[in-house]
Every structure is written in C-alpha cells, then in structure tokens.
Amino acid sequence: MKKLKMFTTVLLVSLALILSACGTSKTSGDGEKKTLRVVTDAAYAPFEYQDKGEVVGFDIDFVKAVAKEAGYPVKVENVGWDPVFIEIEGKTADIAISAITITPKRLQTYDFTVPYFLSKNEILVPKGSPIKSAKDLEGKKIAVQNGTTGQEAVEKLFGENNDKLKKFENNNLAILELKKGGVDAVVADNTVVETYVKNNPNDNLVFIEDDGTFEKEFYGLLLPKGSKLKADLDKAVNKLLENGTYEKLYEKWFKIKPDIKILKE
Ligand code: ARG
C-alpha cells in the first residue's frame with residue numbers, strides 16, 4: 001500500500017514537472033516572436049494622434065493588424081517626427097508608421113513595405129483667402145512640418161532658399177501658426193488637412209486641392225535598411241488588403257470604401 005502511494009506521488013510529481021516544462025517552452029521557446037517596437041509622430045490625425053493619453057488612429061489600428069497577421073506582438077510609442085527616422089536608421093525601433101510617404105530619397109536610407117495608402121499634398125488657408133491654387137502661394141508665407149513631402153513640394157515650386165517657408169516640428173504647430181496669422185497657408189497631406197477642416201469648423205479654414213501640381217504619394221511602413229521583417233510584413237499587408245480587414249479599418253476611419261486597386265499598380 002505504502003509502495004503504491006509512493007509510486008503515485010512520484011508519478012504525479014513527474015507529470016507536474018513535464019507539464020510545467022511544456023508550459024515554459026511554449027512561452028520562451030524559439031516559436032515565440034519578439035515584441036516589435038513601433039514608433040510614430042502622434043500629431044497627424046486621423047492617422048496618428050493622442051486621445052486621452054492614448055495613441056490612436058488609422059495607422060495605429062493598421063500596424064497592429066499587420067503585426068498580428070505576421071504573428072508579432074507590438075508596442076507603439078509616440079516619439080515625434082524627426083526621432084522616427086533616427087530610431088529606424090539606428091535600429092532602436094523595428095517599424096515606424098506615421099503617414100510616411102515612400103520617396104526615392106528615403107529609399108536610399110530605409111526600406112518600406114508595399115504601399116498601404118494613397119495621399120497628395122493639399123493647401124490649408126483661412127476662408128476668404130486669395131490663395132486658390134498652388135501657384136498663388138508664390139511670395140506668401142507658408143508653414144510646413146519640417147522634413148515632410150509638404151516641405152519638398154513647396155521647395156520644388158519656389159526653391160530651397162525660401163525665407164517665406166516656415167518649418168515646424170509637427171503639423172499641429174504649423175496649423176497653430178496659420179490660426180495666429182503668422183503664415184498665409186499650410187501645406188500637408190490631403191486627408192489630414194480635410195479632417196482638420198471638418199473637425200474644427202470654428203477655425204474658419206478651408207482646403208485647396210491642386211491635382212495638377214501635387215503628385216500622388218503612397219504611404220508605407222518604414223523599416224531599417226535590410227530589415228528581415230520586410231518579407232513577413234509585406235505578406236501581411238497584402239493579406240489584409242485581400243481579406244477585407246483593410247477595408248473594414250478604412251471604412252471605420254474614413255467612412256468611405258478604399259480604392260485597393262490603386263495601391264497594387
Ligand atoms: N506624408 C508626409 C511625408 O511622409 C507627411 C507625413 C507626416 N506624418 C506625421 N505623422 N507627422 O513626408
């Protein structure tokens with residue numbers, strides 16, 4: 001009887017050991033993917049902005065969905081625009097999402113995933129402004145976010161040595177300068193400009209499109225050059241574009257259906 005009891009105890013103990021070993025191997029073994037550090041500049045609604053201390057927006061939902069599809073946990077951190085690029089170049093972050101346009105210049109230093117959003121620069125002016133197109137910006141004071149394609153677009157039109165061009169650390173500061181009357185216009189991404197106009201009717205601002213001047217741009221997830229994640233993330237983005245997840249997120253944030261074909265061209 002005593003022997004049987006001892007045998008049962010040994011059996012139970014070994015069983016417990018085996019089970020706990022299985023448990024640990026599940027959480028710390030090679031199959032488990034590391035948490036990816038995602039950085040952003042959360043001052044660009046509706047793509048990324050702060051709401052009650054939380055970073056939210058289309059981009060945030062999207063990057064979480066992409067990472068989930070690829071099997072990675074993520075942690076999103078608001079670091080600001082210039083640090084986004086410093087962190088990716090220095091590889092202290094794995095991914096940046098921040099309405100970042102894929103440009104030939106950036107491709108020299110960074111990698112991007114396949115495109116996930118179509119954008120264009122647009123002009124934001126006070127109601128009643130004489131500015132009706134990009135060429136009317138000539139000689140006017142213009143605010144842009146430093147180091148954006150908005151800055152590039154204005155410099156392409158009026159040259160790089162333009163003392164009328166004021167550059168701000170983030171786009172909200174550029175808009176604030178317009179509201180204070182320090183500049184005549186802001187140039188930034190169309191969705192951001194139009195969202196601002198819609199959400200702030202009391203500011204009496206309007207947006208000016210100029211399709212003849214501003215070129216089509218595509219956003220991608222920004223990655224360190226040579227990132228091993230690129231293949232997995234590209235696959236995940238394509239999957240979300242195909243399986244309806246992208247469409248669902250797009251409709252949640254923009255209330256219209258996306259043109260997915262244009263991203264695949
Ligand atoms: N699409 C523009 C660019 O890549 C502006 C992006 C600004 N993004 C932001 N989160 N502030 O240059």
Side-chain angles (χ1 to χ4, degrees), residues 37-51 54-64 66 76-89 93 95-124 134 142-157 160 165-178 185-197 199 207 209-211 213-224 250 253-254 258 262-263:
R37 177 171 152 80
V38 178
V39 290
T40 190
D41 167 33
Y44 218 57
F47 294 104
E48 42 269 329
Y49 60 101
Q50 300 205 58
D51 187 22
E54 236 191 289
V55 182
V56 296
F58 172 78
D59 276 356
I60 309 305
D61 281 356
F62 182 64
V63 76
K64 284 180 180 166
V66 171
V76 179
E77 212 181 310
N78 176 27
V79 297
W81 180 245
D82 290 339
V84 151
F85 292 91
I86 295 167
E87 291 228 29
I88 296 297
E89 194 176 355
I95 305 175
I97 189 154
S98 223
I100 307 173
T101 303
I102 304 168
T103 66
K105 201 165 138 214
R106 287 176 182 156
L107 280 168
Q108 290 174 6
T109 314
Y110 310 93
D111 276 346
F112 279 95
T113 60
V114 289
Y116 71 90
F117 199 90
L118 169 68
S119 176
K120 215 169 231 206
N121 273 294
E122 205 166 86
I123 307 165
L124 180 67
I142 309 164
V144 294
Q145 180 179 13
N146 187 43
T148 57
T149 54
Q151 177 185 337
E152 256 176 51
V154 174
E155 288 178 343
K156 197 170 155 200
L157 287 169
E160 282 185 24
L165 182 59
K166 295 197 181 179
K167 301 168 215 161
F168 293 86
E169 189 184 319
N170 72 52
N171 196 58
N172 291 342
L173 293 173
I175 296 179
L176 199 66
E177 188 69 10
L178 178 67
V186 167
V187 175
D189 292 3
N190 55 356
T191 312
V192 170
V193 165
E194 287 171 30
T195 300
Y196 189 88
V197 167
N199 291 347
F207 63 87
E209 294 172 272
D210 190 334
D211 283 358
T213 304
F214 299 121
E215 285 163 19
K216 262 194 219 144
E217 299 182 12
F218 292 95
Y219 300 163
L221 305 192
L222 186 79
L223 310 171
Y250 194 101
W253 285 99
F254 308 115
I262 202 150
L263 299 174

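As the structure lists them, so they are numbered: ligands from 1, and atoms in each ligand from 1.
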Between Tyr110 and Phe85, is the ring centre distance below 6.0 Å?
yes
More than 12 foreign heavy atoms under 6.0 Å from CD of Glu152: is that the case here?
yes
Tyr219 and Phe117 aromatic ring geometry - parallel, tilted or perpendicular at 30°/60° bounds:
parallel
Side-chain H-bond candidate by donor/acceptor type, Glu48 with Asn78, under 3.5 Å:
no
Separation between OG1 of Thr149 and CD of Glu155, rounded to the nearest 0.5 Å:
11.5 Å
Residues lining ligand 1 [heavy-atom distance under 4.0 Å, listed by chain and residue number]:
Asp41, Tyr44, Glu48, Trp81, Ser98, Ala99, Ile100, Thr101, Arg106, Gln145, Thr148, Thr149, Asp189, Tyr219
Okay, side chain of Asn170, backbone of Asn172: is any donor-acceptor separation there less than 3.5 Å?
yes
